[in-house]
Amino acid sequence: MLAAPTLVTAAELGAAPAAEADITELVDLNDVMTTAALPTSNLITVEVHADGTVSFALPRAEVGQGITTSTAMLIAEELDVPLERVRVTLADARPELVFNQLTGASNTTISTYLPIRVAAAVARERLLRAAAAELRAPLAGLTLRAGTVTDGAGTGIGIGALAAKAASLTVRRAWVDLKDRADFTVIGRPHNRIDALAAVTGRKKFAMDLKVPGAQPAMVCRAPTINGTVASVANLAQVRAMTGVTDVGVISTGVAVRARTFGQCIEAVRALRVVWKPGSVDGASDESVLQELKEAELPLGLPALTPTVEARFTFHFRGNSALEPNCAIADVRPDRAEIWSGLKAPIVAKQAIAARLGLAPSAVTVHVTEGGGSFGRKLFLDAALEAAEISQAFGKPVKLMWHRADDARQGRTHPMATSRVRAAYAGGAVLSYQQRHTSVATDFGHGLGEVFTALAAKLPVGDAAFSQTFFHLTQSMPYDVGVHSRLLSERGKGFNTGSMRGVYSPDVVCARELIIDELAAKLRQDPFAFRRGLLRDKRFRAVLAKAAEAGGWGRPMPAGTAQGIAFHSEYRSASAVLVEIDCRPETVNRPVRDGVSGPRVTKAVVAVDVGLAVNPRGLEAQMMGGVMDGIAQVLTSSLHLREGHFLEASWDNYFYTRQWNTPLELKVLVMPSTGGEVGGAGELGVAASMAAVACAYGRATGTMPTRFPINHGTLSFTPKPTVPPVPASPTDGLDHVR
């Protein structure tokens, strides 16, 4: 506790999470991240202010997943204050937190659940002691409710009036008891998001909404092929003289333009005449990359002596398609720099920007802004680093925004991968399961959120070690399938890659669940009953049974339609998804402007068990988003690689789930809490949803799908040119109004 007009309290926890048994159940990626964050958990603090409000600077990134709301709920519960009086902001980059400021792997709630509650409980204890002295009442006779401490006679005093008195001149340890779960009145109850009103009224502040003095719009003219660099520019002077343009110059990733408006930036970018050096994957195509992956596949081993089911699945490149384009604000001066961006690894950003600018890390301030979507994209500091470089080159503050064409063609992509699976069976039992997942290399340059592991992940040996670590610490096998093995092989480092709401799980689980369906068919068993019989955990079986029951599994369906069901477990959580799909010709061939219509998922039911759900309403929203991701990755969403560049250049030709293939019926069922521990939820819904849609498609068409998305071979749009690199701004969209 610090002497101040506010009471500041923190948590220091002395024990790591209890270990469980068997591989990812013994230790998974989340356990590693939580344990790594533990030593600095006492450095994140809850503050009680004189006006009776409580504030907390969350050392994680809010990108739409709702963690500011769940964090506020933890504080409101343990401190006994109304939720509306808790203010959660995002912390600036704090290198002293080391591993405790990375947002990823569904880890935020798991790793902060106890530290935040303990910090709030310490504050509560200090406030009660201050009230006991102020009211001259015994501590045992005081109650704290709704931000007011009351004694036995009914005399009350607000926590704001007690904040300064509760503060201490020294920092010292304090032992507290946390609330029993039976006494919870906030945690576990559904709550609307605390930022919902600001979001729907346009008052929520993202990076581009910030008013930084002197910061004017900036954009970059990028190469026609991935990671190409500038050889020469023929018309710098002419572009610099264009209306509104203040600066033009060559940077490491292209030619930067600064102007009064983004529209003027676009015109200048389109006017530039640049000669480009080769990129990192010039000449590459879907076909050539797929051939490289096949050559890199690890062998499955000797053929089984019993019957087998075997298949190779292909998963094409996919974009994050975040609602908010990649963006950042930078104000770089000779002796200091200040950056604003939605960053999930801000410590790495701070250190990398300092190195690029030639400044001491202490001279660089990185502010974390709320992000409009991410799920992997904002683990990387591309925009922040680029904005800093531009600001230093021009000597002026800049608001850098990537065009959507930049994000699709030069941004982060989920890697193309193949998954080869062989399962042996006999006498109604599965004897063995082997899976060999081969992928374009995933960039783990963010490490575990700080400079040392980030650097290690970029080294020739370190990157492979990171990939293998992430793979084996995230892939669970919930089924009893006899002897089983899953191995990873990666090839090709010329692409800008990153995870898209799950590093390996969506593809690996989709392939697995399709093989489970095939095994069920070979053994003449119902897919649901077959899975239930294979699942090793009664908690898993309960989740699967709930999805099947609520979704009406096994009901009669018209020809060309079918149900699919799938299961996935990770990070102490489990989800099962049942979907119904319509693959009839009249649905598949219905006209959709500038798009591929294809099948439609008409119904989705999700059952989810995360142990203790802090905010069930937020959990429902996470699962809904996971369903949309799963539909997209099976049916419509991919990037097409031709001659070293992706053809997609905006949302109008990157087909994330649209209204015309969104389920008419969508239900999320949160299972009763099965324990005191919280589980991860951010990525949980994607893999099971993707797999369920794929299984439903296979049952409806009578053919197991092996290439995703299934419509990748159909190019439904005319690709926009790569020179100039961004399309012209639209002038009129009224011709699309119905």
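Salt-bridge check for Asp195 with Arg193: passed, with a basic side-chain N closer than 4.0 Å to an acidic carboxylate O. No salt bridge links Arg501 with Glu683; every basic N to acidic carboxylate O contact stays at or beyond 4.0 Å. Classification of Asp31 and Arg572 as a salt-bridged pair holds, one side-chain N sitting under 4.0 Å from a carboxylate O. Using a 4.0 Å cut-off between charged side-chain N and carboxylate O, Asp209 and Lys204 make no salt bridge.
The number of heavy-atom neighbours closer than 6.0 Å to CZ of Arg87, taken from other residues, nucleotides and ligands shown, is above 12. Environment of CG in Asp177: sparse, with no more than 12 heavy atoms of neighbouring residues, nucleotides or ligands closer than 6.0 Å. Open room surrounds NZ on Lys546; 12 or fewer heavy atoms of other groups in view lie less than 6.0 Å from it.
No hydrogens or angles considered: nothing links the side chains of Thr657 and Thr662 as a donor-acceptor pair under 3.5 Å. With 3.5 Å as the limit, one finds no donor-acceptor pair spanning the side chains of Gln633 and Tyr656. A donor-acceptor pair shorter than 3.5 Å can be found between the side chains of Thr40 and Asn100. Looking only at atom types and distance, the side chain of Thr71 has no donor-acceptor partner in the side chain of Arg60 under 3.5 Å away. Side chain to side chain, Thr201 and Arg203 meet the donor-acceptor criterion of an N or O pair below 3.5 Å.
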Test side-chain contact (heavy atoms from CB on, under 4.5 Å) applied to Leu102 and Met33, step by step: CA-CA 9 Å; Leu102 176 72; Met33 294 175 66; 3.6 Å; yes

Thr185/Glu77 under side-chain contact (heavy atoms from CB on, under 4.5 Å): CA gap, chis, key distance, verdict: CA-CA 7 Å; Thr185 60; Glu77 181 70 79; 3.6 Å; yes

Stepwise side-chain hydrogen bond (donor to acceptor under 3.5 Å, both in side chains) check, His49 with Ser55: CA-CA 8 Å; His49 301 280; Ser55 65; 2.6 Å; yes

Steps toward side-chain contact (heavy atoms from CB on, under 4.5 Å) verdict (His568, Leu684): CA-CA 8 Å; His568 175 54; Leu684 180 65; 4.3 Å; yes

Ring pair (Phe, Tyr, Trp, His ring centres under 6.0 Å) assessment of Phe470 paired with Phe444: CA-CA 9 Å; Phe470 270 68; Phe444 289 107; 4.2 Å; yes

CA sep, side-chain torsions, deciding dist, call: Leu612, Glu677, side-chain contact (heavy atoms from CB on, under 4.5 Å): CA-CA 6 Å; Leu612 174 60; Glu677 289 190 338; over 6 Å; no

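Considering only residues two or more places apart in sequence or on other chains, Phe530 meets the ring pair (Phe, Tyr, Trp, His ring centres under 6.0 Å) condition with none of them. With sequence neighbours excluded, the residues forming a ring pair (Phe, Tyr, Trp, His ring centres under 6.0 Å) with His367 are Trp340, listed by chain and number. Residues that satisfy the ring pair (Phe, Tyr, Trp, His ring centres under 6.0 Å) test with Tyr571, not counting sequence neighbours, are absent from this structure. Taking the salt bridge (Lys or Arg N to Asp or Glu O under 4.0 Å) definition, one finds that Lys205 meets it with nothing, sequence neighbours left out. For Asp151, there are no salt bridge (Lys or Arg N to Asp or Glu O under 4.0 Å) partners, not counting sequence neighbours. With sequence neighbours excluded, the residues satisfying ring pair (Phe, Tyr, Trp, His ring centres under 6.0 Å) with Phe540 are Phe567.
Within the 4.5 Å cutoff, the side chain of Leu666 has no heavy atoms near those of the Lys603 side chain.
The structure places OG1 of Thr34 at 13.0 Å from CZ of Phe99, a figure rounded to the nearest 0.5 Å. Taking CG of Leu343 as the reference point, atom CD of Gln101 lies at 9.5 Å (rounded to 0.5 Å).
Minimum interatomic distance between Pro478 and Ser569 (heavy atoms only, all atoms of both residues): CB-OG, 3.9 Å.
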